[in-house]
Number of protein chains: 2
Amino acid sequence: MSGAGVNLLGLRSHNTALVLDLLRGAGAGGISRLELAERTGLTPQAVSKITGRLREEGLAAEAGRRASTGGKPRTVLRLVPEAGHAIGVHLDRDELRAVLVDLRGTVVAERRTELDLGAGADAVLTSVAAEVAALVTEVVTEAAEAAEAAVLTGGAPGGGDAVARTLLGVGVALPGPLDHAHGVLHRVTGYPEWDGFPLRDALAARLGVPVVVDKDTNAAALGLALGGAGGSFAYLHVGTGLGAGLVIGGGVHRGARTGAGEFGHQVIQLDGPPCGCGDRGCLEALCLTAVARGDLAEAARVLGAGAANLVGLLDIDRVLLGGRTVAGAAGAFVSGVATVLAARARREGVAGGAVPVAVAPGGARAIAEGAAQLVLAPVFGRAG
Amino acid sequence: MSGAGVNLLGLRSHNTALVLDLLRGAGAGGISRLELAERTGLTPQAVSKITGRLREEGLAAEAGRRASTGGKPRTVLRLVPEAGHAIGVHLDRDELRAVLVDLRGTVVAERRTELDLGAGADAVLTSVAAEVAALVTEVVTEAAEAAEAAVLTGGAPGGGDAVARTLLGVGVALPGPLDHAHGVLHRVTGYPEWDGFPLRDALAARLGVPVVVDKDTNAAALGLALGGAGGSFAYLHVGTGLGAGLVIGGGVHRGARTGAGEFGHQVIQLDGPPCGCGDRGCLEALCLTAVARGDLAEAARVLGAGAANLVGLLDIDRVLLGGRTVAGAAGAFVSGVATVLAARARREGVAGGAVPVAVAPGGARAIAEGAAQLVLAPVFGRAG
DNA sequence: CCACTTTCGCAACACTGTTGCCAAAGTGCA
DNA sequence: TGCACTTTGGCAACAGTGTTGCGAAAGTGG
């Protein structure tokens with residue numbers, strides 16, 4: 001069924017998460033209590049109570065004042081980023097990238113090593129565990145060094161130790177398909193030996209902290225959603241494969257069996273050239289062969305057709321492109337996709353014009369950052 | 001942004017709607033308090049309070065008892081269908097169909113007349129107003145006649161008068177595209193003169209009751225969602241055009257500009273035959289020309305390809321087919337679409353097998369019934 | 001210096017779902 | 001028939017939510 005009953009505890013969690021999300025969205029600039037009240041629809045007094053609790057818990061703090069508008073100036077509140085941390089791990093076919101981020105999503109530390117995703121579960125788990133441990137100790141060392149220089153500035157003590165205490169969990173992103181709800185891998189493309197492996201539970205047992213597992217495209221999309229991209233959008237990833245992450249209503253749409261976002265094997269050319277998946281005329285096959293023969297314009301046009309199908313079906317606000325292939329020729333892909341979408345908008349006569357297209361910001365680290373957001377999202381009520 | 005703050009009033013509405021939805025779903029058989037508690041996650045005492053309020057308001061009533069399981073037998077509660085009514089109007093190109101339904105969605109009265117959707121706003125509005133008025137008085141008359149025969153049985157008095165008092169509103173379904181949020185029509189296919197017409201407000205002013213406007217496919221999908229089809233599904237409508245209604249999380253997904261569900265102009269054959277919309281290779285063009293030349297197998301295969309794209313993208317539970325064309329050859333369409341989806345499931349190796357396909361129940365009246373549900377849905381927390 | 005505006009917290013309040021308890025209404029066995 | 005037991009479900013007291021009324025604090029502008 002759709003929803004469950006809500007009690008007073010649930011009510012509080014919901015409103016607290018909402019306020020935290022707005023604090024996060026405001027960034028270092030902060031946001032005033034009255035603005036929080038306007039945005040949430042709660043009364044100022046309710047916001048005061050909620051922010052009071054958050055300040056007691058150390059999650060929020062005062063950060064100066066706004067200019068007066070004729071009376072007492074508004075006090076600005078901000079999220080305390082160091083109050084919580086998360087680690088995001090991006091497992092790719094040949095490399096492992098891990099980041100430690102704070103509550104605001106800012107990367108505090110980063111590591112990268114080579115990895116063979118086909119080396120077996122134990123080897124990969126060991127690698128992940130080593131990198132996670134290294135990330136925390138790395139911060140300890142850095143913090144110790146920084147402390148020597150910053151004794152007089154009154155910087156917060158603790159360093160890596162404090163990070164370990166505030167570590168909310170580890171998020172892992174890797175190529176799908178997989179079952180996000182249970183944290184079990186399916187037939188990861190190219191590595192059938194992973195089929196059925198309970199990655200989440202295995203890693204959680206090893207690390208002793210909560211673990212969340214999701215597809216790389218979903219992680220990237222979530223990272224973008226929490227990184228400022230409001231509204232609904234589709235993140236289209238063009239790399240060795242072609243996938244999508246859908247953000248609807250602030251959270252990632254994963255579908256009934258958490259398999260949503262299979263964008264690459266959308267048939268776009270009935271009875272077209274065969275695809276590795278066994279079907280014919282898949283978007284992925286058409287797009288990647290065009291890329292292989294250097295015809296980026298055609299690749300972008302094909303990708304645009306798929307994007308247009310998606311936009312029409314879901315009526316989303318924006319399309320964001322990412323992945324190695326896009327990064328190599330951003331202009332060609334953006335303009336090619338935009339052209340198709342603009343033509344669609346002209347035909348439809350849609351008010352407000354075509355759906356905008358852009359390259360997803362974040363670069364090569366985006367997926368690892370998004371993986372960390374898998375852990376942080378529930379704190380801000382973005383559990384999807 | 002995604003969500004708004006919730007206060008105690010909102011909390012109560014939510015839980016009340018949840019309980020009403022479960023009561024509705026249980027049908028005439030009813031449901032016990034403890035079962036409601038289990039399904040909602042609320043405590044039995046909270047459910048007792050909520051159902052107590054509902055009984056005071058006349059929305060719920062006791063309906064016998066279950067067999068004892070060793071102790072005091074459970075009291076069964078049921079929705080009181082006559083406590084609320086809604087009218088659903090289906091405007092098609094050449095006919096107007098209107099139904100009066102009770103809270104449970106059961107059709108109490110029905111009317112049908114010819115209509116020229118191109119006859120101008122005033123003529124159409126007059127027609128709708130006349131049918132709506134006739135529906136209510138029709139019930140008055142029937143109830144009066146029935147009352148004579150049922151004086152001794154103690155049937156509820158009032159008849160049509162009571163219906164008028166409990167009328168929650170009128171839902172109108174018609175071919176899109178349109179803006180559901182504002183109740184304004186766009187370029188209704190074939191009738192450009194409707195572009196920009198504020199149908200909802202114009203009709204609400206005329207009738208004096210709340211009016212909701214939506215696409216016919218969304219209405220049909222909502223009717224199916226409230227008519228017992230749980231989970232997420234896509235309703236694919238094949239008539240003079242080809243559209244889809246998407247149900248995700250119990251409610252209809254309409255998208256940012258409430259234009260979602262544009263299934264027919266999904267490009268499925270790049271650079272294929274031209275479509276009326278100006279693009280090439282649209283699903284609608286391929287499917288309908290196949291139908292026109294009598295090749296139902298090909299039409300079903302094409303439809304199946306589109307359905308498979310949709311299933312992969314959103315990971316939905318089920319596909320339901322409807323519309324005049326499907327009704328004419330249900331077997332061919334269902335098996336054709338099912339074949340494509342089964343092939344997809346085999347390739348993916350999905351646990352649980354292929355997404356099931358079926359003909360949507362309800363027949364020609366389904367869209368009008370769904371239109372009525374547009375009004376009832378908020379009562380049951382299905383506002384989408 | 002004072003009137004005015006605006007922010008924001010304290011206290012009392014209305015209302016939510018929860019807990020503890022007990023009466024009611026069955027079953028099953030001696 | 002009587003009694004122990006199980007299960008349902010309401011009453012009363014309770015903890016905790018957001019709301020309202022009001023006043024202190026902190027500015028601006030004349």
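Values reported hereafter were calculated over all heavy atoms of this structure, with side chains retained and with hydrogens, waters and symmetry mates removed.
- The heavy-atom pair separating A:His182 from A:Arg200 by the smallest distance is O-NH2, 3.5 Å.
- The distance between atom NZ of A:Lys49 and atom P of C:dA11, rounded to the nearest whole Å, is 11 Å.
- The side chain of A:Lys72 sits closest to D:dA26 out of D:dA26, D:dG18, C:dT18.
- The nucleotide whose nearest atom lies closest to any side-chain atom of B:Leu42 is, among C:dT18, C:dT7, D:dG18, C:dT18.
- Note on B:Thr75: only backbone sugar-phosphate atoms sit closer than 4.0 angstrom, heavy atoms only; bases stay farther off.
- Among the heavy atoms of the strands lying under 4.0 Å from B:Arg65 are primed sugar atoms or P, OP1, OP2 only; no base atom is included.
- Rounding to whole angstrom units, CD of residue A:Glu56 and C1' of C:dG9 are separated by 14 Å.
- Close to D:dA26, at under 4.0 Å from its OP1 or OP2, lies no side-chain N or O of A:Arg74.
- Checking B:Val379, B:Leu103, B:Thr51 one by one against B:Leu20, the side-chain contact (heavy atoms from CB on, under 4.5 Å) holds for a single residue, B:Val379.
- Contact annotation for A:Pro73: backbone-only contact, meaning every heavy-atom pair under 4.0 Å involves sugar-phosphate atoms and none involves a base.
- Two residues are said to be in side-chain contact when any heavy atoms from C-beta on lie closer than 4.5 Å; A:Arg254 and A:Asp214 meet this criterion.
- Nearest-nucleotide positions on DNA chain D place B:Ser32 closer to the 5' end than the other of A:Gly41 and B:Ser32.
- The pair A:Asp21-A:Arg382 counts as a salt bridge, with a side-chain nitrogen and a carboxylate oxygen less than 4.0 angstrom apart.
- The residues B:Glu62 and B:Arg78 are annotated as not salt-bridged, no charged nitrogen and carboxylate oxygen being separated by less than 4.0 angstrom.
- In this structure, CD1 of A:Ile31 is placed 15 Å from C1' of C:dT7, rounded to the nearest angstrom.
- Between B:His14 atom NE2 and D:dT17 atom C1' there is a gap of 16 Å when expressed in whole angstrom units.
- B:Leu11 has its CG atom 14 Å from the P atom of C:dC15, to the nearest Å.
- OP1 or OP2 of C:dT18 lies within a sub-4.0 Å distance of a side-chain N or O belonging to A:Asn7.
- Considering only the side chain of A:Ile50, D:dG18 comes nearest among D:dG18, C:dT16, D:dT28.
- Electrostatic pairing of B:Glu35 and B:Arg74 does not count as a salt bridge here, judged by no charged N lying under 4.0 Å from a carboxylate O.
- For B:Gln45, whose side chain is taken as the heavy atoms from C-beta onward, the closest listed nucleotide among D:dG27, C:dT7, D:dG10 is D:dG10.
- At least one side-chain nitrogen or oxygen of A:Asn15 sits closer than 4.0 Å to the OP1 or OP2 atom of D:dG18.
- To the nearest angstrom, P of D:dG9 lies 18 Å from CZ of B:Arg53.
- In this structure, A:Thr43 reaches the D:dT19 phosphate: one of its side-chain N or O atoms is under 4.0 Å from OP1 or OP2.
- As a whole-Å value, the separation of B:Leu34 CG from D:dT8 P is 5 Å.
- Taking side-chain N and O atoms only, A:Thr69 has no distance below 4.0 Å to OP1 or OP2 of C:dT6.
- Toward the 5′ end of DNA chain C lies the nearest nucleotide of A:Thr51, the other residue of the pair A:Thr51 and A:Leu8 mapping further downstream.
- Here D:dG18 presents its C1' atom at 16 Å from CG of A:Leu36, a figure rounded to the nearest Å.
- Looking at heavy-atom distances under 4.0 Å, A:Leu9 makes no contact with the nucleic acid at all.
- OP1 or OP2 of D:dG10 sits under 4.0 Å from a side-chain N or O of B:Ser48.
- At least one side-chain nitrogen or oxygen of A:Arg33 sits closer than 4.0 Å to the OP1 or OP2 atom of C:dG9.
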